[in-house]
Peer 1: 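First, the structure itself, so that you have it in front of you.
Residue numbers start from 1 in every chain, and the chains themselves are labelled A, B, ... in the order their sequence lines are given, proteins ahead of strands.
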Number of protein chains: 2
Amino acid sequence: MGVKERRERQKEILRQEILNAARELFAKEGYENVSMRKIAEKIDYSPTTIYLYFEDKSELLRCLCEENFSRLLSRFEALKKECSSPLDCLKKGLHAYIEFGIKHPNHYRVSFMVHPEHPDDPDHYSNDSMGHRTFEVVKSIVEECIKQKIFRDQDTTMISQGLWAAIHGITSLLIVHPDFPWIDRNRLIEHVIETVTNGLKA
Amino acid sequence: MGVKERRERQKEILRQEILNAARELFAKEGYENVSMRKIAEKIDYSPTTIYLYFEDKSELLRCLCEENFSRLLSRFEALKKECSSPLDCLKKGLHAYIEFGIKHPNHYRVSFMVHPEHPDDPDHYSNDSMGHRTFEVVKSIVEECIKQKIFRDQDTTMISQGLWAAIHGITSLLIVHPDFPWIDRNRLIEHVIETVTNGLKA
DNA sequence: GTTTTTGATTAACAGTGTTAAGTCTAAATG
DNA sequence: CATTTAGACTTAACACTGTTAATCAAAAAC
């Protein structure tokens with residue numbers, strides 16, 4: 001009866017092969033410049049085969065995004081342990097977020113910069129998506145900052161959403177308009193993080 | 001010899017008619033959901049006619065964007081006169097920017113949230129684009145804030161780019177993820193503006 | 001050995017932005 | 001007035017896109 005398992009294994013391998021091809025192509029060429037046919041060609045299968053393993057093109061991306069976010073989440077949780085003060089931790093987290101976006105611009109774009117194609121998907125803003133869990137980590141750090149009277153006492157959800165907005169702003173602008181006459185990027189990133197945390201202080 | 005002029009006038013009228021149709025459709029359905037054929041149908045011309053008046057689809061949008069930005073710029077310049085303190089002026093300007101984005105989400109998206117399709121276009125980051133001129137107004141207000149010792153003395157370009165990043169962040173997130181469990185939008189917008197300006201204070 | 005299931009493919013649909021070639025009308029020229 | 005010419009517009013087509021229905025071959029189940 002091991003034949004069924006072998007088949008399952010084979011299917012899983014092909015599924016991963018598709019994801020690998022998609023990951024590489026999306027990262028290099030950008031989501032909307034990669035066609036299903038291109039992905040199929042890369043793995044020497046017919047385009048329609050992909051549809052036996054994934055609902056549609058956007059599902060490919062959603063899988064890859066969860067993958068990436070799970071990595072970002074790990075990074076966040078690691079930071080939480082290796083930092084001295086919660087403020088230090090928060091700043092390093094914000095840094096990590098921006099770096100993450102700049103390093104995976106195409107995945108970042110489709111995660112946060114284009115309308116979700118399936119907004120009714122229960123997974124999208126669900127409580128156990130990687131994005132949500134990452135957000136919860138930020139909130140807990142903010143809470144610690146308030147407890148230690150580093151930040152003045154305000155709603156932690158509001159603060160976290162505000163922080164996210166600011167940090168998303170610089171990340172997305174640097175991604176979309178790399179040729180804009182920015183001042184030195186690192187200095188700008190540093191400045192945004194400093195300003196926005198400074199504005200929260202007690 | 002008035003025949004040439006009449007022809008020119010006719011051409012200009014059709015050009016405007018195309019822009020009107022595009023403006024309405026883009027605003028309602030979103031740039032990428034509107035095809036050249038749809039625009040053509042709306043004005044009862046063949047799709048190819050549009051190409052006699054505009055380079056390609058993206059040029060339609062660029063024209064409409066300049067239009068909108070010119071309105072935002074007027075708003076900014078008006079504010080500069082009717083405000084008491086430069087800080088008050090700055091905050092109102094940031095508010096106006098966010099409202100502008102939320103009111104014209106489809107135009108905002110293509111201006112700031114998708115890769116420019118012709119980044120080599122000299123008009124794009126040129127010194128007399130509406131976007132650039134708007135940015136210059138912000139810079140002048142920031143400068144005034146520093147002069148009056150409201151803000152501590154830092155590079156005005158850096159501050160302005162940072163402000164833009166933060167404000168763009170909240171704008172774009174509210175546009176792209178309207179279904180995210182935000183706290184009260186107005187409160188969040190208010191909070192971001194307060195935090196980010198607060199962080200710059202002397 | 002026959003039937004059923006499964007995995008993959010071919011062909012097609014309906015749509016996209018865009019271009020080359022052709023048509024048709026109204027003005028300019030002889 | 002007749003003919004040429006210039007300009008505005010359209011038709012047909014190309015090379016794509018995501019996606020689906022129908023088909024086919026091979027392996028598994030009976």
Peer 1: Has the side chain of Tyr97(B) got a donor or acceptor atom that lies under 3.5 Å from a matching backbone atom of His168(B)?
Peer 2: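 Judged by distance alone, no pair lies under 3.5 Å.
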Peer 1: Between Arg109(B) and Glu32(B), does a salt bridge (Lys or Arg N to Asp or Glu O under 4.0 Å) hold up when you go through it step by step?
Peer 2: CA-CA 11 Å; Arg109(B) 270 185 44 233; Glu32(B) 46 280 304; 2.5 Å; yes
Peer 1: Counting neighbours of CD on Glu41(A) that are heavy atoms of other residues, nucleotides or ligands and sit closer than 6.0 Å, is the number greater than 12?
Peer 2: no
Peer 1: Please report, rounded to the nearest Å, how far the P atom of dT17(D) is from the CG atom of Asp56(A).
Peer 2: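 These atoms are roughly 16 Å apart.
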Peer 1: Let me know the distance between CD1 of Ile50(B) and P of dA8(D), rounded to the nearest Å.
Peer 2: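 It works out to 16 Å between those atoms.
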Peer 1: Can you tell me how far the CD atom of Gln16(A) sits from the CD1 atom of Ile18(A), to the nearest 0.5 Å?
Peer 2: 9.5 Å
Peer 1: If you take any heavy atom closer than 4.0 Å to DNA chain C, which residues from residues 38-46 of chain A end up in contact?
Peer 2: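 Result for residues 38-46 of chain A: Tyr45(A), Ser46(A), sorted by number.
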Peer 1: Taking 4.0 Å as the cut-off, does a side-chain nitrogen or oxygen of Thr49(B) come that near to OP1 or OP2 on dT10(D)?
Peer 2: yes
Peer 1: Would you name the heavy atoms of Thr171(A) and Gly101(A) that are closest together and state the gap between them?
Peer 2: CG2-CA, 3.8 Å
Peer 1: Hey, does the side chain of Ser35(B) come within less than 4.0 Å of dT16(C)'s phosphate (OP1/OP2), counting only N and O?
Peer 2: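 For dT16(C), OP1 or OP2 has a side-chain N or O of Ser35(B) closer than 4.0 Å.
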Peer 1: Expressed in angstrom and rounded to an integer, what is the separation of Phe54(A) atom CZ from dT19(D) atom P?
Peer 2: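 It is 13 Å, rounded to the nearest whole Å.
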Peer 1: Within the side chain of Glu17(B), is there an N or O that forms a donor-acceptor pair under 3.5 Å with the backbone of Ile43(B)?
Peer 2: no
Peer 1: Check the distance between dG18(D)'s P and Asn33(A)'s CG and give it to me in whole angstrom.
Peer 2: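 Those two atoms, CG and P, are 10 Å apart.
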Peer 1: Write down the atom of Leu200(A), the atom of His191(B), and the distance for their closest heavy-atom approach.
Peer 2: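 Distance-wise, the nearest heavy atoms are CD2-NE2, 3.8 Å.
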Peer 1: Can you check the Arg9(B) CZ to dA8(D) C1' distance for me, whole Å?
Peer 2: 17 Å
Peer 1: Applying a 4.0 Å non-hydrogen cut-off, can you work out what Leu14(A) is touching in the nucleic acid: base, sugar-phosphate, or nothing?
Peer 2: sugar-phosphate
Peer 1: For residues Glu67(A) and Leu64(A), determine if any side-chain heavy atom of one lies less than 4.5 Å from a side-chain heavy atom of the other.
Peer 2: yes
Peer 1: Mapping Arg37(A) and Leu52(A) onto DNA chain C by nearest heavy atom, which one lands closer to the 5' end?
Peer 2: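 Whichever sits nearer the 5' end wins; that is Leu52(A).
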Peer 1: Over the length of the helix from dG1(C)-dC30(D) to dA28(C)-dT3(D), how much do the five-pair end axes diverge, rounded to 10 degrees?
Peer 2: 30°
Peer 1: Distance check needed: dC14(D) C1' versus Tyr51(B) OH, whole Å only.
Peer 2: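 In whole Å, dC14(D) C1' lies 13 Å from Tyr51(B) OH.
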Peer 1: If you assign each of Lys57(A) and Tyr53(B) to its closest nucleotide in DNA chain D, which residue comes earlier from the 5' end?
Peer 2: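 It is Tyr53(B), whose closest nucleotide lies nearer the 5' terminus.
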Peer 1: Enter the distance from Ser84(A):OG to Lys92(A):NZ here, rounded to the nearest 0.5 Å.
Peer 2: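 Output value for this atom pair is 6.5 Å.
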